[in-house]
Peer 1: 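First the structure, which I've put down as C-alpha cells, then a few questions once you've had a look.
FYI, the numbering just counts along the sequence from 1.
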Amino acid sequence: MSFMLNLILSAIEVVPSVLNCRRRSCKLPEHGLDPRIARYINEAGFEGLFKVPNLEVDHALITALVERWRPETHTFHLPHGEMSITLQDIEVMLGVPVDGLPITGAVKMEWPTLCLELLGHRPPDPIPHPHENTFILAGARLRFTWLDALFSGPLAADATDEVVQQHARYHILDRLGTILFMDKSADRVSVLPLQFLNPISNAKRYSWGSGALAWLYRHLCKASESKAKQIGGAVMLVQLWAYSRFPLICPVMRLPLPPVEAGPLANRYVI
C-alpha cells in the first residue's frame with residue numbers, strides 16, 4: 001500500500017509556487033515634491049523616474065515570465081521565439097537615462113561618514129541583541145524606516161541650500177532603491193549611489209539604466225533556480241514590458257489627456 005502511495009505521489013507534477021516579488025510603495029508626498037527639491041532632481045536627470053506611478057505588482061505574471069527565463073542567453077524563451085528586456089525598454093518605460101559612464105565606484109567606504117556628509121544624518125551604532133538585527137546600517141545597506149522618519153516632514157520655508165540638497169538625495173536614493181535596485185530584503189536601501197550624487201548634478205553623467213538592467217538580469221537568473229522563492233530588482237519593468245509586448249494581458253490603459261505631458265510610458269497603465 002505504501003509502495004503504491006509513494007508511486008502516485010512521485011508521479012504528481014510539482015507545481016511551482018508564485019514568487020514573492022519584493023516591492024515597496026514609491027508614493028510621492030501628498031502635496032507633491034517641493035519645487036526646490038524638484039529642481040535638483042531634474043539636474044540629476046531623474047525627472048522621468050519621478051513620474052512613474054505607484055503600480056501594483058502582478059506576482060503571477062512575473063512568476064510566469066521567470067519560468068521562461070534562460071540564464072544562458074538572458075532571454076525569455078517563448079513559443080514564438082526568444083525575447084528580452086533592453087536598454088530602450090528601461091529608458092522609454094521608466095524614463096531612466098541610459099547614456100553615459102558605467103556605474104562603477106567604491107564598494108568599501110566609510111558609509112556612516114558619507115551619510116552624514118550628504119544626507120545630514122549619521123546612522124546610530126547598533127544595540128547588541130542576541131535575536132534581532134538592530135543594525136540601522138548593515139554594510140552599505142540602510143534601513144528604509146530610519147531614513148523615511150528623518151525626511152517625512154515638509155521642507156522648511158527657510159531651509160538652506162545644503163538641506164534642500166539633502167532632501168533631494170533622500171528622494172533620489174528612495175526611488176533608486178524602490179524601483180530600480182530593490183533587493184530581496186525590501187526593507188533596506190543601498191547607499192552606494194550616494195557617491196555619485198556629490199554634487200547632485202554629477203548623476204547625469206552616468207548610465208543608470210545599464211546598471212539597473214544588469215541588476216535585473218542578475219535577479220531573473222537567481223529567481224529562475226528551482227528553489228527560488230522571491231525576486232528583487234526592477235520587477236515593475238518586467239511587468240510593464242509584458243504589457244507593452246502582449247497587449248491582451250494588460251489592464252485598462254489610461255487615455256492621454258491634452259496637453260499630453262512628456263514622461264515614461266508607465267503612465268499609460270491603470271492598475
Peer 1: Report all side-chain donor-acceptor pairs from residues 196-204 shorter than 3.5 Å, counting only partners two or more places apart or in another chain.
Peer 2:
| from | atom 1 | to | atom 2 | distance (Å) |
| --- | --- | --- | --- | --- |
| Asn202 | OD1 | Arg205 | NH1 | 2.7 |
| Asn202 | ND2 | Phe196 | O | 3.4 |

Peer 1: What distance do Arg68 atom CZ and Leu220 atom CG have between them, rounded to the nearest 0.5 Å?
Peer 2: 15.0 Å
Peer 1: With the side chain counted from C-beta on, respond yes when Leu61 and Val238 share a heavy-atom pair under 4.5 Å apart, and no when they do not.
Peer 2: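 A side-chain contact under 4.5 Å is absent here.
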Peer 1: Are Trp69 and Tyr217 close enough that their ring centers fall under 6.0 Å?
Peer 2: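 Yes, the ring centres sit under 6.0 Å apart.
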Peer 1: Could you measure the distance from the CG atom of Leu142 to the OG atom of Ser190? Nearest 0.5 Å is fine.
Peer 2: 9.5 Å
Peer 1: What heavy-atom pair brings Gly95 and Pro264 nearest, and what distance separates the two atoms?
Peer 2: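 Between these two residues, the closest heavy atoms are N-CB, 3.7 Å.
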Peer 1: Just verifying a value: how many Å separate Glu67 CD and Ser224 OG, rounded to the nearest 0.5 Å?
Peer 2: 10.5 Å
Peer 1: Cluster question for you: counting only ILVMFWY and a side-chain heavy-atom cut-off of under 4.5 Å, with indirect links fine, are Ile90 and Leu101 together?
Peer 2: yes
Peer 1: Any side-chain to backbone donor/acceptor pair from Arg169 onto Leu118? Under 3.5 Å, distance only.
Peer 2: yes
Peer 1: Does some side-chain heavy atom of Val57 sit less than 4.5 Å from a side-chain heavy atom of Gln239?
Peer 2: yes
Peer 1: Please report the closest heavy-atom contact between Ile85 and Leu216, naming both atoms and the distance.
Peer 2: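 Nearest pair, atom of Ile85 first, then Leu216: CD1-CD2, 4.0 Å.
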Peer 1: Taking all non-hydrogen atoms of both residues into account, name the closest pair between Leu192 and Ala106 and its distance.
Peer 2: CD2-O, 3.5 Å
Peer 1: Report the C-alpha distance between Leu240 and Leu55 in whole Å, list the side-chain angles of each, state the deciding distance to 0.1 Å, and finish with yes or no for side-chain contact (heavy atoms from CB on, under 4.5 Å).
Peer 2: CA-CA 10 Å; Leu240 293 170; Leu55 306 176; 3.9 Å; yes
Peer 1: State, yes or no, whether a side-chain contact exists between Leu147 and Leu119 at a heavy-atom distance under 4.5 Å.
Peer 2: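 Leu147 reaches Leu119 side chain to side chain.
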Peer 1: State whether the side chain of Glu91 and the backbone N or O of Gln88 hold a donor-acceptor pair below 3.5 Å, judged by distance alone.
Peer 2: no
Peer 1: Please tell me whether Trp241 and Phe76 form a close aromatic pair, meaning their ring centres lie under 6.0 Å apart.
Peer 2: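 Aromatic pair counts; centres sit under 6.0 Å.
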Peer 1: Can you tell whether the side chains of Asp183 and Arg188 come within less than 4.0 Å, N to carboxylate O?
Peer 2: no
Peer 1: Are side-chain N/O atoms of Thr145 and Asp148 paired as donor and acceptor at under 3.5 Å?
Peer 2: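 No, Asp148 and Thr145 have no side-chain donor paired with an acceptor closer than 3.5 Å.
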Peer 1: Is there side-chain contact between Met83 and Thr75, with at least one heavy-atom pair below 4.5 Å?
Peer 2: no
Peer 1: With a 4.5 Å heavy-atom cut-off, do Arg122 and Pro112 have their side chains touching?
Peer 2: yes
Peer 1: Determine whether Arg175 and Val52 make a side-chain contact, defined as any pair of heavy atoms from C-beta on separated by less than 4.5 Å.
Peer 2: yes
Peer 1: Could you pull out all donor-acceptor pairs under 3.5 Å where a side-chain atom in residues 32-48 meets a protein atom, sequence neighbours excluded?
Peer 2:
| from | atom 1 | to | atom 2 | distance (Å) |
| --- | --- | --- | --- | --- |
| Asp34 | OD1 | Arg36 | N | 2.8 |
| Asp34 | OD1 | Arg36 | NE | 3.0 |
| Asp34 | OD2 | Arg36 | NH2 | 2.9 |
| Arg36 | NH1 | Ala156 | O | 3.1 |
| Arg36 | NH1 | Ala157 | O | 3.3 |
| Arg36 | NH2 | Ala156 | O | 3.1 |
| Arg39 | NH1 | Glu43 | OE2 | 3.4 |
| Tyr40 | OH | Asp161 | OD1 | 2.3 |
| Tyr40 | OH | Asp161 | OD2 | 2.8 |
| Asn42 | ND2 | Ala38 | O | 3.4 |

Peer 1: For the residue pair Val189 and Thr178, establish whether any side-chain heavy-atom pair is separated by less than 4.5 Å.
Peer 2: no
Peer 1: To the nearest 0.5 Å, how far apart are CG in Leu213 and NE2 in His74?
Peer 2: 9.5 Å
Peer 1: Starting from the C-alpha separation in whole Å, work towards a yes-or-no answer on side-chain contact (heavy atoms from CB on, under 4.5 Å) for Trp111 and Gln195.
Peer 2: CA-CA 10 Å; Trp111 302 117; Gln195 61 188 297; 3.9 Å; yes
Peer 1: Going hydrophobic residue to hydrophobic residue with side-chain gaps under 4.5 angstrom, can you get from Leu237 over to Trp208?
Peer 2: yes
Peer 1: Can you name the closest pair of heavy atoms from Ser152 and Ala149 and give their distance?
Peer 2: OG-O, 3.4 Å
Peer 1: So, His59 side chain and Cys21 main chain: donor-acceptor pair closer than 3.5 Å or not?
Peer 2: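 Here the side-chain-to-backbone pair exists.
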Peer 1: What pair of heavy atoms forms the shortest contact from Pro123 to Ile136, and how long is it?
Peer 2: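 Result for this residue pair: CB-CG2, 4.2 Å.
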Peer 1: Do any N or O atoms from the side chain of Ser207 and from the backbone of Val98 form a donor-acceptor pair under 3.5 angstrom?
Peer 2: yes
Peer 1: What closest approach, in Å, do Leu65 and Ala242 show between heavy atoms, and which atom pair accounts for it?
Peer 2: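 The answer is CD1-CB, 3.8 Å.
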Peer 1: Check the hydrophobic clustering (I, L, V, M, F, W, Y; side-chain heavy atoms under 4.5 Å; chains of links allowed) and say if Leu155 and Phe151 are grouped together.
Peer 2: yes
Peer 1: Within the 4.5 Å heavy-atom criterion, are His121 and Leu116 side-chain neighbours or not?
Peer 2: no
Peer 1: Kindly determine whether Arg143 and Asp187 satisfy side-chain contact (heavy atoms from CB on, under 4.5 Å), including the steps that lead there.
Peer 2: CA-CA 6 Å; Arg143 280 196 185 275; Asp187 67 348; 3.3 Å; yes
Peer 1: Same cluster or not: Trp215 versus Leu180, using hydrophobic residues (I, L, V, M, F, W, Y) connected whenever any side-chain heavy atoms lie under 4.5 Å apart?
Peer 2: yes
Peer 1: In terms of hydrophobic clusters joined by side-chain contacts under 4.5 Å, are Met182 and Leu49 together?
Peer 2: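 No, it is not one cluster - the side chains of Met182 and Leu49 are not joined through contacts under 4.5 Å.
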Peer 1: Give, for atom CD of Gln230 and atom CG of Leu19, the distance between the pair rounded to the nearest 0.5 Å.
Peer 2: 9.0 Å
Peer 1: Does the side chain of Tyr170 pick up a donor-acceptor pair with the side chain of Gln166 at under 3.5 Å?
Peer 2: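 Checked: Tyr170/Gln166 side chains show no N/O donor-acceptor pair below 3.5 Å.
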Peer 1: Taking atom CZ of Arg70 as the centre, does the number of heavy atoms from other residues, nucleotides or ligands within less than 6.0 Å exceed 12?
Peer 2: yes
